[in-house]
There are 2 protein chains.
Amino acid sequence: MVDDVLPKQATNIADDDASDASHCFVAKLFGKRARNREAQEERILNAAMTCFIRSGFRGASMNEICSEAGMSPGALYRYFPSKEAIIEKISAAHRQQSAEILDRMSESDNIVDAVTRVGVDHVRKMSLNATGPGPRDSSARLFVEVRAEAMRNEGVAAICELHEGLMRDTLLAAFSAAKERGEIDPVTDLELLVATLAAMGEGIIMRNFPSQGVPVEALEPVFRALAEAMLRPTKTIAHK
Amino acid sequence: MVDDVLPKQATNIADDDASDASHCFVAKLFGKRARNREAQEERILNAAMTCFIRSGFRGASMNEICSEAGMSPGALYRYFPSKEAIIEKISAAHRQQSAEILDRMSESDNIVDAVTRVGVDHVRKMSLNATGPGPRDSSARLFVEVRAEAMRNEGVAAICELHEGLMRDTLLAAFSAAKERGEIDPVTDLELLVATLAAMGEGIIMRNFPSQGVPVEALEPVFRALAEAMLRPTKTIAHK
DNA sequence: TAAATGAGAGAGAACGTTCTCTCTTTTTTG
DNA sequence: CAAAAAAGAGAGAACGTTCTCTCTCATTTA
């Protein structure tokens, strides 16, 4: 369920019990033990995400997370050294999810379509229920939480900067290509364009419109208008 | 300094010491005592804002606020019943500041100019230093903090809803008037337009571009392009 | 002098984390 | 292959710290 957010790791290589290999050191990496450890880590991260969405990074206590995971503190601390570490892991996973959506930009051959699609996909993904009942528990909450945390937590700030740098690069590459294809006004400042478009998109994502009754489909033309406006400014500015 | 954010209250009515009135009950409202109380409250709120910007709502402790205000806990709790109350007061003040910027929309006779101006004013105001040294301490941080808090704190959520409702109404009124003047495509869904424009603006405000080297002036054409695109879509935003 | 104000110790709860101990699984040894 | 030893996993009490908030008592003000 939260596989969506948590990055997959290459664990299913030795799928069936190669129990004979137990004396060899490879067992350390691919054996039952290791697989169980990863399962437990994921269990903890799932619980933590639920709690963080419900109560916030600071608001959720380790006991709350332990209860949610059905685990004692002693057990939990065997897998993560601190609350900080869990926060960072969750932040990174959540940010990476965004980056992955961006990676599919190149699938559209038209820059306006690409931007529109990224926006819509993003909103759709973020409004999905992470674990639970109502739409109020969507992972869009985590978006705000991560951003707030990044303002004071150095570790989270670094994680954000890393992922957002990658996202900026992806966007910039797509925009440069589009500019050369003549889809973007040649005088446009691409750096500024990327930064502001990203900020505007984030604003919409944080608002979590789907949870307020505005369906994702209704946002499609909004994103399209936005993309057209920002990518072909000559047309619009000349309007006046 | 933080008068910017804290709402003015009608205190300067009895400006010079009407000290003789101290036995009459009016003194309770306008006497030295009352004025001192307000001064102390403001001192506390200033300190709290500094701390909240530095450490976040949850991250800042009451002791930290007391130190910043140069005050003991016993003294502070004479003026505010709880940390919650301070958080709510600061949130309300910060949101009201936004609403005030919107109130000047009607000063522009052109809807695109008005939207552009509101956006620019907003960014400028939010990027101002609230109290201290670097641009990293701008009150834009509080914007994110308030939004995150509103997701779980019922009181803050109510405050946000109140102020944002007022802001929506102001925008909606301005847009309706513009629509009748023929400045906006008649098929546009104004409700959706207001909601998405506000969200996009918030996204830019939260990013606090001025603190990252992008001057407010550079954002002016961005806001203008955005406004033009969203307000004259003709073919795009025609939902409903 | 009576009321308002403030300082500061500290109560009581909650926090993140660690410690000790038990139970199970795996590895080594005879 | 069976017994012994080691390692791993987990539970839960307990630790020291920090939190918000209160209480007592001294000082200031009208």
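Note that these values count all heavy atoms, side chains included, but never hydrogens, waters or copies made by symmetry. Each chain gets a letter, A, B and so on, in the order its sequence line appears, and its residues count up from 1.
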Distance in angstrom units between [X] [atom1] and [N] [atom2], rounded:
X: A:Leu76; N: D:dG10; atom1: CG; atom2: C1'; result: 11 Å
X: B:Arg43; N: C:dT5; atom1: CZ; atom2: C1'; result: 12 Å
X: A:Tyr79; N: D:dG8; atom1: OH; atom2: P; result: 11 Å
X: A:Arg37; N: D:dG8; atom1: CZ; atom2: C1'; result: 9 Å
X: B:Met71; N: D:dT28; atom1: CE; atom2: C1'; result: 15 Å

What residues, two or more places apart in sequence or in another chain, satisfy ring-ring contact (aromatic ring centres under 6.0 Å, His included) together with A:Phe57?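 Checked A:Phe57 against ring-ring contact (aromatic ring centres under 6.0 Å, His included); matches are A:Phe52.
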Partner set under side-chain contact (heavy atoms from CB on, under 4.5 Å) for A:Tyr79, not counting sequence neighbours: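 Scan of A:Tyr79 (side-chain contact (heavy atoms from CB on, under 4.5 Å), adjacent residues dropped) gives A:Asn36, A:Arg37, A:Gln40, A:Glu41, A:Ile44.
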Under 4.0 Å: is that the gap between some side-chain N or O of A:Ser72 and OP1 or OP2 of D:dA11?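 Checking A:Ser72 against D:dA11: at least one side-chain N or O falls below 4.0 Å of OP1 or OP2.
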Applying salt bridge (Lys or Arg N to Asp or Glu O under 4.0 Å), can you list everything that pairs with B:Arg58, at least two apart in sequence or on another chain?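 B:Arg58 satisfies salt bridge (Lys or Arg N to Asp or Glu O under 4.0 Å) with B:Glu149 only.
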Give every residue pair that meets the side chain to side chain donor-acceptor pair (under 3.5 Å) criterion with at least one member in residues 65-74 of chain A, sequence neighbours excluded.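 Checked against side chain to side chain donor-acceptor pair (under 3.5 Å) - neighbours excluded - the pairs reaching residues 65-74 of chain A are A:Arg54-A:Glu68.
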Do any pairs count as a salt bridge (Lys or Arg N to Asp or Glu O under 4.0 Å) and have a residue in residues 152-162 of chain B, sequence neighbours left out, and if so which ones?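 Sorted result for residues 152-162 of chain B: A:Glu145-B:Arg152.
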Tabulate atom names and distances for all N/O pairs under 3.5 angstrom spanning the protein and nucleotides 17-24 of chain D.
unit_1	atom_1	unit_2	atom_2	d
D:dT20	OP1	B:Lys83	NZ	2.7
D:dT20	OP2	B:Met62	N	2.7
D:dC21	OP2	B:Tyr77	OH	2.7
D:dC21	OP2	B:Lys83	N	2.8
D:dC21	O5'	B:Tyr77	OH	3.4

